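Quantities reported herein were computed from a predicted structural model and do not represent experimental measurements.
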Amino acid sequence: MTTLASGTDTITRDALTVLQPGFTGTTAPDWLLRRLGEGLASVGLFGRNIVSAEQLAALTAQLRAERDDVLVAIDEEAGDVTRLEVHTGSSFPGNHALGAVDDPELTRQVALELGRRLAACGVNFDWAPSADVNSDPANPVIGVRSFGADQDLVARHTAAYVTGLQAAGVAACTKHFPGHGDTAVDSHHAMPRIDVTADVLHTRELVPFRAAIAAGTRAVMSAHILVPALDPARPATLSRTILTDLLRGELGYDGLIVTDGMEMQAISATYGIEHGSVLAITAGADAICVGGGLSDEGTVRRLCDALVAAVRSGELPEERLAEAAQRVRSLARWTATTRPAPVDPALTDIGLVAARRALHVTRVDSAAPLTAPPFVASLAPVANIAVGTETPWGVAAELTRLLPGTETGTFAGEDAGHAALVAAGDRRIVAVVRDEHRHPWMSGALDVLLKARPDTIVVEMGVPQAPPRGALHIATHGAARVCGQAAAEALAGF
């Protein structure tokens, strides 16, 4: 039974309730447990908090011992963005691979099994799926996190994902409203801007969100993006026009609205996280996500104090804060009363099944599978913050398992192609790239490799926009571990 500290006043309890903070460590710190007793209703988990499924289950049990209806949230998109398997790579392909297959039932099954595994660890709120239409192929932060560039395809897979995840008892959080796909700036670093007409937004960006709402998504995450056609003054997270008038009014959504991480530079460097949080709740958000970077008790205290002060000064109506807190509690009740899905043996390997189906193989020449251990040259770009640098990617590990003796190296920059040639010696080269179309140095490296070694195999693990080339070209549509496994099987002839 949840017990709230008797000395916590209503406004302070509500202010704590709307926060979704993170913390450091693999066990809950005393300050977090104490705040759960004072009204905090949500906790966000990140890769730094997770070592194994068993440890995660123990951690969530520790949280529930303090508050039995706590929302335990995680940024688990599967594919490139994984927290559950941050140290090994995901057992599930991401959105772009699922969109490439374009089988909504497969997407539902993947989301169901992912949700079941999350629920088994005590996680009941997933900041996924991404419903962004990847209309700008140069987008630095969405890319393979999107189901694709066609809004109708994205819509049907978003709905299938929401349905599968929530059938497992895990609340889906469809993001990043009103759509982050047509941006050339990463909101982790600066404020993106989408300069399209309202008509384009309604017929492209908003289509998947309408589908998610129709599918019953329990939460929607706002984007830190400026959309002048909707609100020329404030980004979506802080815009009443976008969150209340559009999302609630026009689209008829009545579930939880949560912000993207408030410490992201698009907000923190422009408004500050305290004032930004007040503006977000005032605009119509119900929960403040913070903790990806700022993960200490001081951050929780500062945000709580800012919200309480805003109510007492009249800047934030008390009834708006109370309404937001009530939506958080309502979602907590849903997760507490929803039975998780049982294990379905047929879905145990659904991630690998999906990854295999997502492969697109182009034989530029009459290339045969590898018969001897190759040299794997990984041409590695800088990962965006959402993906992170902890999670391994590529095909080397899986090729080594299938073809013992495989050697590998990682290369970047203007001399990457020449360096890879020297390192490879006389071995056949497998060049692994990620979004070749976005990195001129990568294209140059492939030019060098293919000129010197025309039998080079190319594996594209990002968005396949560049023309296929190499004796054999395999597009995996993502860099999850299972995508690498599926590609390695194809290369080795399995």
Side-chain angles (χ1 to χ4, degrees), residues 47 51-52 78-80 82 84-94 97 144 348-349 351-363 367-381 383 387-412 416-436 442 445-446 449-450 452-462 464 470-494:
V51 174
S52 66
D80 289 32
T82 180
L84 192 61
E85 298 180 275
V86 64
H87 300 295
T88 60
S90 181
S91 301
F92 303 92
V144 294
T348 301
D349 294 322
L352 181 56
V353 169
R356 286 168 175 160
R357 290 183 62 185
L359 292 184
H360 187 273
V361 179
T362 304
R363 296 181 183 276
L370 294 170
T371 56
F375 183 84
V376 178
S378 295
L379 305 181
V387 173
T389 58
E390 293 178 280
T391 305
W393 69 283
V395 301
E398 293 299 330
L399 269 179
T400 299
R401 180 176 62 83
L402 298 175
L403 295 173
T406 294
E407 294 185 359
T408 186
T410 300
F411 308 91
H418 296 289
L421 280 174
V422 171
D426 59 0
R427 289 172 178 256
R428 191 171 183 187
I429 297 173
V430 177
V432 184
V433 299
R434 205 166 175 175
D435 294 335
E436 180 202 342
M442 197 179 291
L446 284 183
L449 290 175
L450 291 168
R453 303 284 291 275
D455 65 344
T456 292
I457 295 170
V458 178
V459 179
E460 168 61 87
M461 304 195 80
L472 186 67
H473 185 281
I474 297 179
T476 62
H477 301 92
R481 176 174 55 81
V482 285
C483 296
Q485 182 178 346
E489 291 173 349
L491 291 173
F494 282 77

Is there a donor-acceptor contact under 3.5 Å from the side chain of T391 to the main chain of V86? yes
Please evaluate residues T406 and V430 with respect to the criterion side chain to side chain contact (heavy atoms under 4.5 Å, CB included), reporting the C-alpha separation (whole Å), side-chain torsions for both, the decisive distance (0.1 Å), and the verdict. CA-CA 10 Å; T406 294; V430 177; over 6 Å; no
Full working for side chain to side chain contact (heavy atoms under 4.5 Å, CB included) between V432 and T408: CA-CA 10 Å; V432 184; T408 186; over 6 Å; no
Assess whether side chain to side chain contact (heavy atoms under 4.5 Å, CB included) is satisfied between V458 and V433, documenting all intermediate values. CA-CA 7 Å; V458 178; V433 299; 4.3 Å; yes
Give every residue pair that meets the salt bridge (Lys or Arg N to Asp or Glu O under 4.0 Å) criterion with at least one member in residues 351-360, sequence neighbours excluded. D103-R357, R356-E489
Give me the atom names and distance for the closest heavy-atom approach of G351 to P93. O-CD, 3.2 Å
State whether the side chain of E460 and the backbone N or O of T476 hold a donor-acceptor pair below 3.5 Å, judged by distance alone. no
Minimum side-chain heavy-atom gap H477-C483 below 4.5 Å: no
Taking side chain to side chain contact (heavy atoms under 4.5 Å, CB included) as the definition, give me every residue that meets it alongside S52, ordered by chain and number, with sequence neighbours left out. E54, Q55
Measuring from L472:CG to T362:OG1, what's the distance to the nearest 0.5 Å? 8.0 Å
For F411 and A416 the tightest heavy-atom approach is CB-CB, 3.9 Å
For E398, enumerate each residue passing the salt bridge (Lys or Arg N to Asp or Glu O under 4.0 Å) test, keeping only those at least two apart in sequence or located in another chain. R401
Closest heavy-atom contact between A487 and I474? O-CD1, 4.2 Å
Closest non-hydrogen atoms of L359 and A490, given as atom of the first, atom of the second and distance, are CD1-CB, 4.1 Å
Indicate yes or no for a side-chain donor-acceptor contact from T400 to the backbone of A396 under 3.5 Å, with no hydrogens or angles considered. yes
Which distance, rounded to the nearest 0.5 Å, do you find between the CG of D435 and the CG of L379? 12.5 Å
Return yes if some donor-acceptor pair links the side-chain N/O of T456 with the main-chain N/O of R453 below 3.5 Å, else return no. yes
Nearest heavy atoms of A486 and L352, plus distance in Å: N-CD1, 4.4 Å
Quick one: side-chain hydrogen bond (donor to acceptor under 3.5 Å, both in side chains) partners of S91, sequence neighbours excluded? E85, R481
Excluding sequence neighbours, so at least two apart, what forms side chain to side chain contact (heavy atoms under 4.5 Å, CB included) with D349? none
Kindly determine whether R428 and D455 satisfy side chain to side chain contact (heavy atoms under 4.5 Å, CB included), including the steps that lead there. CA-CA 7 Å; R428 191 171 183 187; D455 65 344; 3.8 Å; yes
List the residues meeting side chain to side chain contact (heavy atoms under 4.5 Å, CB included) with A479, not counting sequence neighbours, and say none if there are none. D80, W393, R434, M461
Not counting sequence neighbours, which residues clear side chain to side chain contact (heavy atoms under 4.5 Å, CB included) with H87? List them please. E390
Taking all non-hydrogen atoms of both residues into account, name the closest pair between A431 and L449 and its distance. CB-CD1, 4.0 Å
Side-chain atoms of residues 370-378: list all donor-acceptor pairs with protein atoms under 3.5 Å, sequence neighbours left out, distances to 0.1 Å.
none

